[in-house]
2 protein chains.
Amino acid sequence: MNVTLKDIARKVGYSVTTVSRALNDYDDVNEETKQLIKRVAQEMGYHPHVIAQSLQRRRTNTVGFIVPATDRYLSDPYFLELLAGIGDGAAGYDFDLLVSTCKPMDPKEHLVYERMVKGRRVDGIVVARTRCDDERIAYLVSEGFPLIAFGRITSDLDFPYLDVDGEKGVCEAVEYLIGLGHRRIGFISPSMYLMFAKHRLDGYRRALQDNGLELDLALVVEGNLTQAGGHQRMEQLLDLEEPPTAVITGNDLMAFGAMEAAQERGLVVGRDVAVIGFDDVPLAAHFRPTLTTIRQPIYDIGKMLSQMLIKIIKGEELAERQIILQPELVIRESSGVG
Amino acid sequence: MNVTLKDIARKVGYSVTTVSRALNDYDDVNEETKQLIKRVAQEMGYHPHVIAQSLQRRRTNTVGFIVPATDRYLSDPYFLELLAGIGDGAAGYDFDLLVSTCKPMDPKEHLVYERMVKGRRVDGIVVARTRCDDERIAYLVSEGFPLIAFGRITSDLDFPYLDVDGEKGVCEAVEYLIGLGHRRIGFISPSMYLMFAKHRLDGYRRALQDNGLELDLALVVEGNLTQAGGHQRMEQLLDLEEPPTAVITGNDLMAFGAMEAAQERGLVVGRDVAVIGFDDVPLAAHFRPTLTTIRQPIYDIGKMLSQMLIKIIKGEELAERQIILQPELVIRESSGVG
DNA sequence: CTCGACGTCCGAAACGTTTTGGATCTTTCG
DNA sequence: CGAAAGATCCAAAACGTTTCGGACGTCGAG
């Protein structure tokens with residue numbers, strides 16, 4: 001049904017070997033026969049059987065990405081952009097992208113990774129949203145399997161990663177708020193098992209300390225990265241004896257929820273209370289009020305991730321095995337006027 | 001380096017055949033040997049080489065999905081949800097998901113499909129966002145390749161699909177607006193080469209006709225499905241001699257843009273002008289004002305799509321080869337109070 | 001006792017490629 | 001003229017699995 005090398009060989013009267021080598025442009029086949037074979041292959045509608053090639057070459061030309069879907073919804077627009085970046089970056093090298101979804105910390109998460117690795121379904125894996133103590137990375141490193149991580153981890157395992165300097169980003173945001181006169185600044189953190197939560201909290205701490213403000217632990221709460229989580233935690237902060245006049249959240253989605261919670265209490269965001277998010281998802285610029293946020297170029301990060309990974313797969317040396325990008329504070333309405 | 005059947009065979013002293021059959025639970029192998037082989041396989045950390053299996057079984061257990069990424073951004077949250085649905089639906093059958101991105105109507109789009117089909121990378125393909133005259137579907141049908149489409153097409157080609165009754169949805173929305181007293185209702189349509197644009201426009205037309213309103217072509221404009229497109233087209237509508245008092249858009253993203261455009265002119269959406277979207281993406285409920293929209297359950301649709309596709313791949317009969325789901329009008333603030 | 005059935009196992013071929021290690025023939029050059 | 005060098009080709013093995021067809025021994029029925 002499908003044209004194979006054997007079919008072409010029979011047709012042109014050469015061996016399978018020669019046909020294969022002709023199509024792969026080896027130079028130990030006569031130029032004329034090469035042209036002939038290529039023409040016939042074209043005419044017969046030949047396309048290489050990618051699976052057979054993979055088996056023989058021990059290379060699938062595919063990278064894997066397991067989306068940590070939190071539940072029914074991949075609520076975070078973040079991941080689609082990351083995915084698009086990874087996919088496009090891979091496509092630039094003629095690599096495909098194999099996607100699975102799995103709830104983070106699900107006991108069968110390990111099986112999903114194992115299937116990709118041991119089944120040799122992919123040549124390398126992109127690990128996103130690193131955890132402080134990340135068994136996924138530990139596993140891949142111990143298997144000697146090519147990986148690239150988006151995010152660091154606490155242990156000093158050596159592996160290639162790309163990360164955004166969340167500490168610096170939050171630090172700048174806090175200092176910006178302090179500059180606006182805020183003294184009680186809340187922080188809605190992502191779950192602390194996530195590495196980037198730690199970095200961002202560090203930035204929060206450092207900024208307070210550098211500016212002689214005391215850390216009030218009541219102002220630091222832990223949300224779940226969803227809009228609903230932001231909403232809930234914001235209410236908790238507003239219920240305090242001395243509520244904060246400004247709040248920084250672990251991602252934009254929680255910022256959206258926090259702004260809603262404030263608005264429901266009749267507060268005007270940007271005047272009565274300032275809110276700053278993290279990510280700069282496309283909607284941040286369009287929410288009412290528009291969201292001041294710490295921008296990280298997610299699509300580009302995705303693209304860089306797959307490019308780095310493919311270099312590793314191909315055995316090329318990486319110019320930089322560990323990259324830290326600087327985020328950028330994007331000032332809009334939700335933080336009030338400067 | 002990786003454990004193969006041969007390694008196990010050598011270890012237990014049986015043939016590769018027997019090991020294979022034991023692990024696949026054939027009943028022509030002694031129960032005790034079967035247990036022994038399974039245990040040893042487990043101990044040695046055996047995992048089947050998926051690629052080799054695919055080659056032999058002529059089955060990849062993988063479905064393909066090509067995201068029609070419009071440009072740098074997969075701006076539409078829609079696709080991530082669809083993707084998650086497809087991925088989870090497939091995972092339920094132990095199928096993987098291979099994702100590519102390609103700009104719609106890009107000349108090399110065909111190559112992307114061809115690569116998946118002819119390279120036998122996948123067992124079936126999900127085609128989303130059908131076009132009136134869809135060469136992708138024509139191609140897959142002509143190749144006899146398993147496919148499932150999200151959306152119909154104009155020709156009467158027979159292929160399995162799932163679609164949402166956009167005509168009915170828009171029709172109901174228009175009638176709802178008419179019930180609120182609106183007489184000049186604008187329609188920001190997606191590009192007309194998209195099949196769902198046609199259906200939705202049909203619904204718009206039918207509702208007007210059924211209610212004795214005349215169709216004013218100046219009120220129908222064509223946007224590009226992005227926020228910016230909605231913004232631009234809304235301005236165009238508001239610039240008319242007799243601007244509309246209500247506008248329906250082809251998707252939520254355009255509705256967001258349209259609302260912005262109205263707000264920038266000092267109009268209060270929901271009072272001065274009504275806006276209704278289509279999709280009900282997660283953010284529709286959180287935008288200011290919250291968006292009245294025609295809801296289609298995207299995640300569930302994705303899940304159904306891959307489930308139907310996998311049934312087709314397995315050669316099972318589909319209870320229904322063509323399914324039309326009914327959308328639901330979700331009334332929120334942007335359409336004004338009833 | 002013989003025959004067929006059954007239970008258990010295995011060799012070899014196959015899936016569609018790529019690669020290794022020559023084979024064969026022609027050309028070139030001392 | 002002989003040998004080395006070069007050009008062009010190919011058979012066979014390999015990648016890791018599944019499956020086809022049969023082999024071999026044992027056991028129960030006739």
Side-chain angles (χ1 to χ4, degrees), chain A residues 1-38 40-41 44-62 94 96 115-123, chain B residues 1-38 40-41 44-62 94 96 115-123:
Chain A
M1 39 170 221
N2 249 299
V3 185
T4 75
L5 288 185
K6 204 196 282 185
D7 299 328
I8 302 178
R10 199 160 23 221
K11 184 99 158 196
V12 297
Y14 285 102
S15 74
V16 169
T17 305
T18 301
V19 173
S20 169
R21 297 181 82 82
L23 294 177
N24 286 320
D25 259 330
Y26 276 65
D27 53 7
D28 68 347
V29 27
N30 183 287
E31 192 55 36
E32 281 175 38
T33 29
K34 198 187 278 186
Q35 293 312 324
L36 169 69
I37 288 173
K38 283 186 178 175
V40 172
M44 296 178 74
Y46 172 77
H47 287 259
H49 193 296
V50 184
I51 298 293
Q53 282 181 323
S54 295
L55 180 60
Q56 158 67 28
R57 304 212 248 231
R58 272 155 293 263
R59 259 291 201 79
T60 60
N61 274 33
T62 305
D94 276 320
D96 290 317
R115 177 176 161 80
M116 276 202 186
V117 171
K118 297 293 199 157
R120 299 277 142 180
R121 295 257 23 206
V122 299
D123 296 329
Chain B
M1 41 170 219
N2 248 300
V3 185
T4 76
L5 289 185
K6 204 196 279 183
D7 299 328
I8 302 178
R10 197 161 23 223
K11 185 97 158 199
V12 297
Y14 286 102
S15 73
V16 169
T17 303
T18 301
V19 173
S20 169
R21 297 180 81 82
L23 293 177
N24 287 319
D25 259 331
Y26 277 65
D27 53 8
D28 68 346
V29 26
N30 183 286
E31 191 55 36
E32 279 177 37
T33 27
K34 198 187 279 187
Q35 294 311 326
L36 168 69
I37 288 173
K38 283 186 177 175
V40 172
M44 296 178 75
Y46 172 77
H47 287 259
H49 192 296
V50 183
I51 298 291
Q53 281 181 325
S54 296
L55 181 61
Q56 158 67 29
R57 305 211 246 230
R58 273 158 292 267
R59 258 293 200 77
T60 61
N61 274 34
T62 306
D94 277 321
D96 289 318
R115 176 175 161 81
M116 276 204 185
V117 172
K118 298 294 198 153
R120 298 279 142 180
R121 296 256 25 205
V122 300
D123 296 330

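In what follows, every heavy atom counts, from backbone to side chain, and hydrogens, waters and symmetry copies are set aside. First the proteins, then the strands, lettered A, B, ... as listed; each starts at 1.
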Subject >> Presence of Ser15(B) side-chain N/O under 4.0 Å of dC10(C) phosphate oxygens OP1/OP2 >> reply: yes

**OP:** Among dT17(C), dC9(D), dT17(D), find the nucleotide with the atom closest to the side chain of Gln56(A).
**Re:** dT17(C)

Original post:
Of all the nucleotides listed (dC10(D), dT17(D), dT17(C)), which has the minimum atom distance to the side chain of Ala52(B)?
Top reply: dT17(D)

Subject >> Value rounded to 0.5 Å, distance of CD in Gln56(B) from CG in Leu55(A) >> reply: 11.0 Å

Original post:
Would you say a side-chain N or O of Thr4(B) is under 4.0 Å from OP1 or OP2 of dG16(D)?
Top reply: no

Original post:
Between dT19(D) atom P and Arg58(B) atom CZ, what is the distance in whole Å?
Top reply: 9 Å

Original post:
Ignoring hydrogens and angles, are the base of dC9(D) and the side chain of Asn30(A) linked by a donor-acceptor pair under 3.5 Å?
Top reply: no

**OP:** Measure from NZ on Lys118(A) to C1' on dG16(D) and round the result to the nearest Å.
**Re:** 15 Å

Original post:
Is a donor on one side and an acceptor on the other found under 3.5 Å between the side chain of Asn30(B) and the backbone of Glu32(B)?
Top reply: yes

**OP:** Determine the contact category for Asn2(B): base if any of its heavy atoms lies under 4.0 Å from a base atom, sugar-phosphate if only primed atoms, P, OP1 or OP2 are that close, otherwise nothing.
**Re:** nothing

Original post:
Where the side chain of Thr33(A) is defined as all heavy atoms beyond and including C-beta, which of dC9(D), dT17(D), dA12(D) is the nearest nucleotide?
Top reply: dC9(D)

Original post:
For Ser20(A), which contact category applies under a 4.0 Å heavy-atom criterion: base, sugar-phosphate, or nothing?
Top reply: base

Original post:
Under 4.0 Å: is that the gap between some side-chain N or O of Arg57(B) and OP1 or OP2 of dT18(D)?
Top reply: yes

Subject >> Integer-rounded Å distance: dG16(D) C1' and Ile8(B) CD1 >> reply: 12 Å

Original post:
Taking atom P of dC10(D) as reference, at what distance in whole Å does atom NZ of Lys6(A) sit?
Top reply: 16 Å

Original post:
Taking CD1 from Ile37(A) and C1' from dC10(D), how many angstroms apart are they, rounded to a whole number?
Top reply: 12 Å

Original post:
Rounded to whole angstroms, how far apart are CG on Leu23(A) and P on dT18(C)?
Top reply: 8 Å

Subject >> Nearest-nucleotide 5' precedence on DNA chain D, Leu55(B) against Asp28(B) >> reply: Leu55(B)

Original post:
Is any side-chain nitrogen or oxygen of Tyr46(A) closer than 4.0 Å to OP1 or OP2 of dT17(C)?
Top reply: yes

**OP:** Could you tell me whether Asp25(B) and Lys38(B) have a side-chain N and a carboxylate O separated by less than 4.0 Å?
**Re:** yes

Original post:
dT18(D), dC9(D), dT19(C): which one has an atom nearest the side-chain heavy atoms of Leu5(B)?
Top reply: dT18(D)

Original post:
Does Asp96(A) pair with Arg115(B) as a salt bridge, N-O distance under 4.0 Å?
Top reply: yes

Subject >> Option among Val3(A), Thr18(A), Val16(A) that satisfies the side chain to side chain contact (heavy atoms under 4.5 Å, CB included) test with Ile8(A) >> reply: Val3(A)

Original post:
Taking the side chain of Thr18(B) as heavy atoms from C-beta outward, which of dC15(D), dC9(C), dA12(C) is closest to it?
Top reply: dC9(C)

**OP:** Establish whether the base of dT17(D) is bridged to the side chain of Ser54(B) by a donor-acceptor pair shorter than 3.5 Å.
**Re:** no

Original post:
For Val50(A), does its backbone N or O pair with a side-chain atom of Ser54(A) as donor and acceptor, under 3.5 Å?
Top reply: yes

**OP:** Calculate the interatomic distance between Asn24(B) atom CG and dG16(D) atom C1'; express it in whole Å.
**Re:** 13 Å

Original post:
Is any side-chain N or O of Tyr26(B) closer than 4.0 Å to OP1 or OP2 of dT19(D)?
Top reply: yes

Subject >> Integer-rounded Å distance: dT8(D) P and Asp25(A) CG >> reply: 14 Å

Original post:
Within the structure, does a side-chain N or O atom of Gln53(A) lie under 4.0 Å from either OP1 or OP2 of dT18(C)?
Top reply: yes

